[in-house]
Undergrad: 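First the structure, which I've put down as C-alpha cells, then a few questions once you've had a look.
Sequence lines set the chain letters: A, B, ... in the order given, protein chains first and strands last, and positions in each chain run from 1. Values below: all heavy atoms of this structure, side chains included; hydrogens, waters and symmetry mates excluded.
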There are 2 protein chains.
Amino acid sequence: MASTNVSTSTAQNSSAAQREARFLDALQAAGLRLTAQRRAICHYLANTDSHPTAQQIYEDLKPQFPSLSLATVYNTLDVLVRLGLVYALGGAGDRAVHYETNTDPHINLACLVCHRVVDLPMPEVGAWESRVAEASGFKIFGARLVYYGICPECQRRSQDVSH
Amino acid sequence: MASTNVSTSTAQNSSAAQREARFLDALQAAGLRLTAQRRAICHYLANTDSHPTAQQIYEDLKPQFPSLSLATVYNTLDVLVRLGLVYALGGAGDRAVHYETNTDPHINLACLVCHRVVDLPMPEVGAWESRVAEASGFKIFGARLVYYGICPECQRRSQDVSH
DNA sequence: GTTTAGTTTAGAATCTTTCCAAGTTTGGAG
DNA sequence: CTCCAAACTTGGAAAGATTCTAAACTAAAC
C-alpha cells in the first residue's frame, strides 16, 4: 500500500506503479514495441498529476535521455492517446496541447493567468455522458470538460496590482 | 460565399440582429472604436452557427473586404473573447482555435469521423458552472464542454466499412 | 477641419506540431 | 545465439497557426 514517491498528490484511483504497468501492458497488447523511449515517457506520465505539454515532457526527460527527440515524444503521446490511456486537452491560454493521464471522471480547470490546469473530481460526469449520448444519438468515446477562469491565487494577486 | 447566411436556423435564444447589436454596443461601451472591419466581423459572427476559425472568417470576408488582414481578424476575435461575447474553443481535431458566439449553456459534440462540431442545448450547464466555481474557488469565465464520438450519420455509414 | 490615440496592414517572426529520409533497435524465427 | 524485417527513433526541414512590428490610416472628440 506504500505508494511510490511522486512529486504531487495523486488524487487518482490507481497508483503510479499500476498506471505505468497498465500503459506498458496496453502497448504490448496492441502489438507495439517497448522501447526505452516509450518506457521513459510512460514512467513520466504515470508519475505526474500535472498536465504537461510535449515540450515539457521532452525537456524534463532530456537530461536523463540525451538522445531523445521531440518527434518521439509526439509519436508516443499520439500512440497513448489512440489507446485511450492519455487524454489530449486543448490549450490553457497558451498554444500547446496539454496531456493528462487521469481518465477518471473529472473536470479540468484552466487558469487564464498562470496557465495551470488542475483537476476537479466530479463523479457525476459519467451520468452526463449517457444523457448526452441519448439526446444526440452520438456514440461517445470521451469528453473534455474544461472550465476557464482565474484561480484563487491569481485572483488574490490581481487585487494588489492594478494596471 | 458572398452573401450572409442569415437564413440558417440559429438555435439560439436571440436573433442574429440582436446579437450583432449587442456586439457593437459592447465594443462601444468598452471605449473601443467601431471600425468597418470590426463591424464586418461582428456581422459575420452574429449570423453563423458554425464554429469558424480565424482563417475561415478571413477567407469568407476577404472577397467583400479585400484590404482585410488576418491580423485584424485575430485582433478583433481577441477583443470579443475578452469582452465575453465570443468563446474560443480548443481545436476540434485540427490545430486551430474555433470561435463560437453561442454563449447560451450548451455542450459541443465533435464527430471524430467527419470533424463537424454541433451544439447540444443543455440548460443545466449553468448550474454545473456555479457548482464548479464553488468547489474550486475559481472565478469562471467560460467553459468548453466537448464530447467526442461518432455522429449518427457516420455511425450508419461505417456499418459497411471497417476502419 | 484638426488632432491624436486607437486601428489596420503586410510581412516577418515565433511557436507548436508534423513530415521525412536515414540510421537504429526490437522481437521473432531459425 | 544470430540474423532479419518491420517498427522505431532521430534531427532537421516543413507546415500551420498565431503573434509581433513598424508604418500608414481613421474614428471620434474638440
Undergrad: I'd like the 5' and 3' limits of the part of DNA chain C contacted by chain B, with heavy-atom contacts below 4.0 Å.
TA: C:dA5 to C:dT17

Undergrad: State whether A:Gln37 places a side-chain N or O below 4.0 Å from either non-bridging phosphate oxygen (OP1 or OP2) of D:dT10.
TA: yes

Undergrad: If you look at every strand shown and take non-hydrogen atoms under 4.0 Å, does A:Thr72 touch a base, only sugar-phosphate, or nothing?
TA: base

Undergrad: Measure the distance from OH on A:Tyr58 to C1' on D:dG11 and round it to the nearest whole Å.
TA: 9 Å

Undergrad: Could you tell me the separation between the OG atom of B:Ser67 and the NZ atom of B:Lys62, rounded to the nearest 0.5 Å?
TA: 7.0 Å

Undergrad: Please tell me if the side chains of A:Ile57 and A:Leu77 come closer than 4.5 Å, counting only heavy atoms from C-beta onward.
TA: yes

Undergrad: Mark yes or no for whether B:Thr72, through its side chain, and B:Leu68, through its backbone, hold a donor-acceptor pair below 3.5 Å.
TA: no

Undergrad: Taking atom P of D:dA7 as reference, at what distance in whole Å does atom CG of A:Asp78 sit?
TA: 17 Å

Undergrad: Provide, to the nearest angstrom, the distance between the CG atom belonging to A:Leu68 and the C1' atom belonging to D:dC8.
TA: 13 Å

Undergrad: Compare side-chain N and O positions of A:Ser67 against OP1 and OP2 of D:dT10 and report whether any pair is under 4.0 Å apart.
TA: yes

Undergrad: Within the 4.5 Å heavy-atom criterion, are A:Val118 and B:Phe138 side-chain neighbours or not?
TA: yes

Undergrad: Nearest whole angstrom, please: distance from the P of D:dC8 to the CD1 of A:Ile41.
TA: 13 Å

Undergrad: Nearest 0.5 Å please: distance from the CG atom of B:Leu34 over to the CZ atom of B:Arg38.
TA: 8.5 Å

Undergrad: Would you mind reporting whether B:Leu145 and A:Trp128 have side-chain heavy atoms less than 4.5 Å apart?
TA: no

Undergrad: Answer yes or no: is there a side-chain heavy-atom contact under 4.5 Å between B:Val86 and B:Phe23?
TA: yes

Undergrad: When you measure from the side-chain N and O atoms of B:Tyr74 to the phosphate of D:dT19, is any distance below 4.0 Å, counting only OP1 and OP2?
TA: no

Undergrad: Tell me which of B:Ala54 and B:Arg33 sits closer to the 5' end of DNA chain D, going by the nucleotide each one is nearest to.
TA: B:Ala54

Undergrad: Under a 3.5 Å distance rule, please check whether A:Gln56 uses its side chain to pair with a backbone N or O of A:Thr53 as donor and acceptor.
TA: yes

Undergrad: So, taking the atom named CD in B:Glu20 and the one named CG in B:Leu85, what distance separates them when rounded to the nearest 0.5 Å?
TA: 12.5 Å

Undergrad: Could you please spell out the steps behind the side-chain hydrogen bond (donor to acceptor under 3.5 Å, both in side chains) verdict for A:Asp119 and A:His51?
TA: CA-CA 9 Å; A:Asp119 289 349; A:His51 301 72; 2.7 Å; yes

Undergrad: Between B:Leu70 and B:Leu34, just flag the one whose closest nucleotide in DNA chain D comes earlier from the 5' side.
TA: B:Leu70

Undergrad: Roughly what angle, to 10°, lies between the helix axis at the start of the helix from C:dG1-D:dC30 to C:dG30-D:dC1 and the one at its end, five pairs per end?
TA: 30°

Undergrad: Mind running a 4.0 Å heavy-atom check of residues 23-32 of chain A against DNA chain C and sending the residues that fall below it, in number order?
TA: none

Undergrad: Let me know the distance between CZ of A:Arg38 and C1' of D:dC8, rounded to the nearest Å.
TA: 6 Å

Undergrad: What's the spacing between A:Asn102 CG and A:Ser50 OG if we round to 0.5 Å?
TA: 11.5 Å

